[in-house]
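The structure appears below as C-alpha cells.
Throughout, protein chains are lettered first and strands after them, A, B, ... in sequence-line order, and every chain is numbered starting at 1.
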Amino acid sequence: MPGVNLCCNHQNPKDTMTTTRYNIKETETKWRQAWESRDSFRVTEDSKKEKYYVLEMFPYPSGRIHVGHVRNYTLGDVVARYRKACGFNVIHPMGWDAFGLPAENAAIERGEHPHKWTHENIRMMRDQLKSMGLSIDWSREIATCDADYYRHEQKMFLDFYRNGIAYRKESMVNWDPVDNTVLANEQVIDGKGWRTGAPVERRKLNQWFLKITDYADELLESLKNLPRWPEKVRIMQENWIGKSRGLQFKWNIVGSSEQIEVFTTRPDTLFGASFLALAPDHPMSQKLCGDKPEFKKFLAACQAGGTSEVAIEPAEKLGHDTGLKATHPLLGREIPVYVANFILMDYGTGAIFGVPAHDQRDFEFATKYKLPILPVISPSPASANAPAPSPLREREGPAKQEGEGQTEAYTGSGTLMNSEFLNGLDIESAKQRIIDECEKIGNGFGTTQFRLRDWGVSRQRYWGCPIPMIHCEKCGVVPVPEKDLPVTLPPDVTFDKPGNPLERHPTWKNVKCPSCKSDARRETDTFDTFFESSWYQFRYCDPKNENLPFAKDKAAYWMPVEQYIGGVEHAVLHLLYARFFTKAMRDCGYTEVSEPFTGLFTQGMVTHETYQDEKGAWLFPTDVKKDGEKFVTVKDGKPVKVGGIVKMSKSKKNVVDPEDILSTYGADAARLFILSDSPPERDLEWTESGIEGAWRYVNKLHRMINESLPLLPLPNGERAGVRGPLPEFSKEALTLRRATHKTIKGVGEDIEAFAMNKAVAKVRELSNAISEHCHPGSPICHPGESRDRVDESLAWALRESIETLVILMNPMMPHLAEELWEILGHKTLLVETPWPKADPALLVQESVTIGVQVNGKLRAQITLPSNADQKTAEQTALGEPGVQKALEGLQVRKVIVVPGRIVNVVAG
RNA sequence: GCGGCCAUGGCGGAAUGGUAGACGCGUACGCUUGAGGUGCGUAUGGGGUAACCCGUGAAGGUUCAAGUCCUUUUGGCCGCACCA
C-alpha cells in the first residue's frame, strides 16, 4: 500500500533527543486493556442516572469488517463516548446478525458446517472490532444463531399466532427449480435465479405470514412522532405503506347475477368510465373465460414479459375482451368488461373501472382497443356546463371535445363536467359527493387501501430459526408446546444435495403430533433473517435472561434506542419490520414500548477510486502506486487506468482492508479520517492521502502536547482551573480561553447534530490556536529563553486549553486522548472524566470585527467593542477611507447596523 | 412517470438572510534533514502591476443585504414504479 513505510516507528536519532515518538500499536493496546480491565463500558440499570441507548446496526459475521463497518461503529462510538462524558448512563452493545445464506453457501462450497463457519467469523470480526477501541459493553454480546437467542423468538411467534398476528396462507412465490428454494424478488434477475440462472417459476406455496397490514395505519401515523428520523426515511416508509383513500363499489353484469367489485381513488371520474378491467388472476377472469383458447393465449402473452414487476413495467397494455357488459350504477349505461395485464390482483379488489380521459394507463388501453374517451374534468375554472374554449385547453386540457386527438390523459386539477350532479364541483368535493351518493343508494363505501403486504417469513433454508410448528394430518397445524422449546437446528446435516437439508432429515422432520400423538412432520421452513433483527435491540437490555426474551422492567429502563445508526439500505425493510415487531410485542404484553428507535441516523457509503490494468482487469488499490502524475502497477510498473469513484465493492476491487489500515495507521487515525472528511450522511471517499493526513495529525498532537509540558503548571491533582483563585488573565490568555470555551460549545453542538466533520474542524482549530503558544517566542516565554515562564496566566490558560482539547478529542481519538491525559499528569482515566462546560462569560467576545458594506458591497472592515452602540458603529463605519471613497458623489440615505454582524450604508 | 435530495476553489467541504471559501487534502516556494520522508514557515477562488473587477449550475424575483428565501430551468444522485 502506498505510504505503508510511514507507519514504521523507526526512530530518527534526532526525534529521540526531543520527545519520544508516538508508538501507536503499543499505546492503543495499552489503553484498550486499561478500559477492559476496569470494565469501563459495562453498564447496569441505575434509576438515578438518565440513560442513553446508542445502537449501530449489527453486522452479518462475514469474517472481516469492511470500511463501512468502521464508519458505522466510529459514528456510534463518538456519540456513545460523548454522551457518557456528559453524564448519561450509556448502553452501547454489539452482536451478530448470524443467520443467513452465506453460511450455507460456505457449507456447500467448502463443506464447513454453518455453525462452525459463523462462530469462527464472529471470533475474527470481534477481534477486529475490538481493535477499533469501541466503547462497547461486550458482556451484552449476542449471536442470533444461538438457541439462547432464537428460542425466545419461537415463543414470541407462538404468541403472535395465538393473537392472530401470525398466520399461514397460500401465496405465489418465486421458485428456483434448480436450488429448490424460494427466492426473494431482489434475487430474481431478468426472470432468472441469481445463482443458478434458471428461469424462475411462479409457484403457489403455503407460507407463514405476519399481519403487518393490521398495523399499517399505526406504522404510518406514528412516523409523525419520529422527528429525529431523516425526513427521507419517513417518506420512504410512507410510500411503502402506501395509504390511499377511495371508493369501493360493485358493478352488475348484464345477464348474470355476478358482480364485479372495484376500488378507485378517483370516484369523481365515475361518469367518465368506459370499461371495466380485471386482473388476469382475478377469480372472475378464470370463471368467465378460463376455457377459451384466446384467453389462454392472452395469459401466455402476459407472462412472456417476465415475472417480476419491473419486467412487466414497460410492457404494452394488453387486454382480453370477455364479451360481457357491466351496468354503470348511476347512469345505467353498459360498458365492456376486459381482462387486462396491467391490473394487479393483490391491490384493491383486483378490478377497476377505466377512465381513459384522466388516467394514462386507461388512456393507452382505450386507444389500443378503440374504447371511448370521455372527459369529465375541465382544467379551466370556467363552467363545466358550457365548456367555452379557453386558451388553457389547448395546452393542458383535453385538446378536443370527447377526447378526440388527445395524446395523453389529463390528471391535473379542474372542475367536473359531463357528470350530472357533479358538474361544477372541484375534484375533492366531487369525490366526497359521489361517495355519499353511493352510500345512499346502498352500493359501495368510502374506504382505505394500503400498498403494504403482509410479511412472508418462511424461507426454505437450513441456517435460520426453525418455525416452531408441526403439521399433523388429523389436527392440521399444531404449535410446538412451549415445554418443547426451543426447536433447535439438527447439527447432523449435509449440503451435498440442493434444497433444504431439514427436509431430508428423517429424525428431525418426523415427529409425533403434540395433540393426537399420531405421525406428523415438523415445519421445515425457517424464519426470514429479518425476524431476528426485528427485536435484538430489546434483547441487549437483558441478554442473559433464560426465561424471557427480556424482562419488562429492564426494557422499560433502556428502551427505546435514542440513537440508531446504519445504512440507508435498511430504510424500509428492517426498520419497518422492527417497528412493527415492537408494536406486535407490545400487543402480546412483552413491553410497553411502541417505537424502538426514537432517533435514526443513516450514514453514506464509502467510496474509492477504481483502477484497471491495460487489459481492463480490476486492480486493488494496494496493487497500484503513484508514479509522478500517473498510476502504475506495483508489480511491473505498467500503466493503470484510473476510473470513477464508486462504492467500494469486491467486484471492482476498489476496497481497502480495515485490518491493514488499523495496523498501519492505528485506530485513532482511521477514526479521525472517517469523521473528518465528509458529513456523515454523505458518501465518504477513502483516499490514501486522507488517512495519511489524519495519521500525521495524530502524531502532531502527541508531539505538540509533549513539547508543551515544560510550559505548563502542574495539574495539581485536578484539571487546571477547577480549583484555586483565578490569576489575572493577560490579553493572550483571555484570547486563548475564549477560543477554548467557544470550542467546547461548538464541538458539543456539532456532535449532537451529527456534524462530525465540523466537530473535527473545531478541534483542529483549537489545536492550531494552542500550537501558537508552544514555541519559543510565545508570550509565555522570555524572548530567547524558551522554557522560562513569564506569563503565568497564559501558562494556566494553556493547560486549560490543552486539557480541554484532550477531552474534546476523546470521542474521536480515544486512545491518543487517554495517553495524553496521562502524559498531562492525571492518575484517573479520561474515559471517566466529565465533559467540560463552556463558561458563558467567555463566550462573549471582547471586540468584534465586522464588515462595512456600501449598497451591499463590502468596502471596509471595522473592529468594535462588542458592546458598542449603533451610533458608534455607524460613525466608525462612515469614517473608513474605503467607505468614504465608495460614497464619493453619492448621498447617504440610510445606514443599517446589525450589531456584531454588519453595517450597510445605503446611498444613491 | 411520481416522490425526495443535491449543486460552493484543483479536491472533500464551512457559512442563525449579514465580511463566501472555516477546517482539511493537494500544490508551490523557503527552512530543517546526509538523502527520502517527517517537521516548521509562507502562499494558494479567478482576473489585474495596482486601484479594483468578477465569482456559490443557469435565468428571473423578494430584500438595505441572497450560497441561504420565492419562481422557472439545467444537470447529477436516491427511492418507488402499471398501487387504480
Side-chain angles (χ1 to χ4, degrees), chain A residues 3 5-6 8 10 12 14-15 18 21 230-236 238-240 242-244 246 262-266 269 277 279 309-310 312-315 317 340-344 346-355 359-362 364-365 408 411 449-453 568-569 571-572 645 672-673 676-679 681-685 687-694 696-697 699-700 703 755 757-765 767-768 771 775 849-862 885 893-907:
Chain A
N5 54 329
L6 296 180
C8 57
H10 81 260
N12 188 318
K14 196 90 184 181
D15 290 333
T18 49
R21 221 179 150 89
E231 177 80 24
K232 180 167 102 162
V233 175
R234 283 186 311 212
I235 290 171
M236 282 166 74
E238 222 176 283
N239 292 341
W240 189 266
K243 181 177 182 171
S244 49
V262 299
F263 172 75
T264 180
T265 56
R266 290 297 301 275
T269 62
E309 286 188 11
V310 181
I312 294 169
E313 189 265 315
K317 303 281 174 290
N341 66 339
F342 65 98
I343 307 303
L344 305 173
D346 58 0
Y347 186 80
T349 58
I352 61 138
F353 65 82
V355 185
D359 182 285
Q360 189 56 28
R361 298 154 300 177
D362 297 348
E364 287 167 29
F365 190 80
E408 56 178 19
T411 54
Q449 283 290 337
F450 291 93
R451 180 186 171 278
L452 185 69
R453 301 271 77 92
V568 74
E569 65 272 19
V572 175
I645 297 156
L672 177 69
F673 171 58
S676 58
D677 219 45
S678 304
E681 66 277 13
R682 284 200 219 166
D683 287 354
L684 169 79
E685 189 197 345
T687 59
E688 314 310 316
S689 57
I691 179 68
E692 279 174 25
R696 282 199 299 268
Y697 184 60
N699 284 289
K700 179 185 174 154
R703 190 173 49 244
N757 56 326
K758 283 159 69 181
V760 171
K762 278 169 191 158
V763 164
R764 293 185 94 128
E765 224 170 340
S767 73
N768 288 346
S771 74
H775 291 287
T849 302
I850 62 171
V852 182
Q853 298 177 333
V854 176
N855 290 334
K857 291 206 171 193
L858 187 71
R859 294 298 172 191
Q861 287 188 350
I862 54 174
K885 195 176 166 205
R893 305 213 186 274
K894 200 166 153 193
V895 180
I896 289 150
V897 179
V898 185
R901 293 275 173 207
I902 202 149
V903 178
N904 191 9
V905 182
V906 186

Residue pair A:V760/A:R453 against RNA chain B: nearer the 5' end by closest nucleotide is A:V760

Out of B:rA84, B:rG13, B:rA51, minimum distance to the side chain of A:K885 belongs to B:rA51

>> Check this one for me: any side-chain N or O of A:R859 less than 4.0 Å away from OP1 or OP2 of B:rA51?
In response: no

Kindly say if A:N757 contacts the phosphate of B:rG12, meaning a side-chain N or O under 4.0 Å from OP1 or OP2. no

Within the structure shown, what part of the strands sits under 4.0 Å from A:V898 by heavy-atom distance: base, sugar-phosphate, or nothing?
-> base

**Q.** B:rC52 OP1/OP2 closer than 4.0 Å to side-chain N/O of A:K857
**A.** no

With the side chain defined as heavy atoms from C-beta on, A:R682 is closest, among B:rA84, B:rA14, B:rG18, to B:rA14

Among B:rA84, B:rC82, B:rG3, the one nearest any side-chain atom of A:F342 is B:rC82

message: I'd like the C1' distance from B:rU63 over to B:rG17, given in whole Å.
response: 9 Å

Exercise for the section: Indicate whether the side chain of A:S767 and that of A:Y697 have a donor and an acceptor atom separated by less than 3.5 Å. Expected result: yes

Taking B:rA84, B:rC78, B:rU16 as options, the one with an atom nearest any side-chain atom of A:R901 is B:rU16

Any carboxylate oxygen within less than 4.0 angstrom of a Lys/Arg side-chain nitrogen, looking at A:K762 and A:E765? no

Of the listed B:rA84, B:rG12, B:rU38, the closest approach to the A:D677 side chain comes from B:rG12

pair_partner(B:rC2), Watson-Crick or wobble, both distances < 3.5 Å, evaluates to B:rG79

Taking B:rG18, B:rC40, B:rA84 as options, the one with an atom nearest any side-chain atom of A:K700 is B:rC40

With syn defined as a glycosidic angle within 90 degrees of 0 and anti as anything else, the base of B:rG9 is syn

With the side chain defined as heavy atoms from C-beta on, A:R764 is closest, among B:rC25, B:rA22, B:rG13, to B:rC25

*asked:* With a cut-off of less than 4.0 Å, is there a side-chain N or O of A:T687 near OP1 or OP2 of B:rG12?
replied: no

- [ ] Determine the interatomic distance between P on B:rA66 and the same-named atom on B:rG30; round to the nearest Å.
- [x] 43 Å

Per atom distances to the A:M236 side chain, the nearest of B:rG79, B:rA14, B:rC23 is B:rG79

- With respect to the phosphate group of B:rG24, does any side-chain polar atom (N or O) of A:N768 fall under 4.0 Å of OP1 or OP2? yes

**Asked** Does A:N904 get its side chain close enough to the base of B:rC64, under 3.5 Å, for a donor-acceptor pair?
**Response** yes

Among the nucleotides B:rG12, B:rA22, B:rG39, whichever has the atom closest to the side chain of A:E765 is B:rA22

By nearest-heavy-atom nucleotide on RNA chain B, the more 5' of A:L858 and A:T349 is A:L858

Hey, are the side chains of A:N855 and A:V906 touching, using non-hydrogen atoms and a 4.5 Å cut-off? yes

- request: Respond yes when some side-chain nitrogen or oxygen of A:R451 is under 4.0 Å from OP1 or OP2 of B:rA81, and no when none is.
  value: yes

> So does A:K317 reach the base of B:rC82 with its side chain, donor to acceptor, closer than 3.5 Å?
Replying inline: yes

Mate of B:rC69 across any strand shown (Watson-Crick or G-U wobble, both atom pairs under 3.5 Å) is B:rG61

Worksheet item: Does the cation-pi check pass for A:K317 over A:F365, that is, NZ or CZ under 6.0 Å from the six-membered ring centre and within 45° of its axis?
Response: no

A:R703 has its side chain closest, among B:rC82, B:rC40, B:rG12, to B:rC40

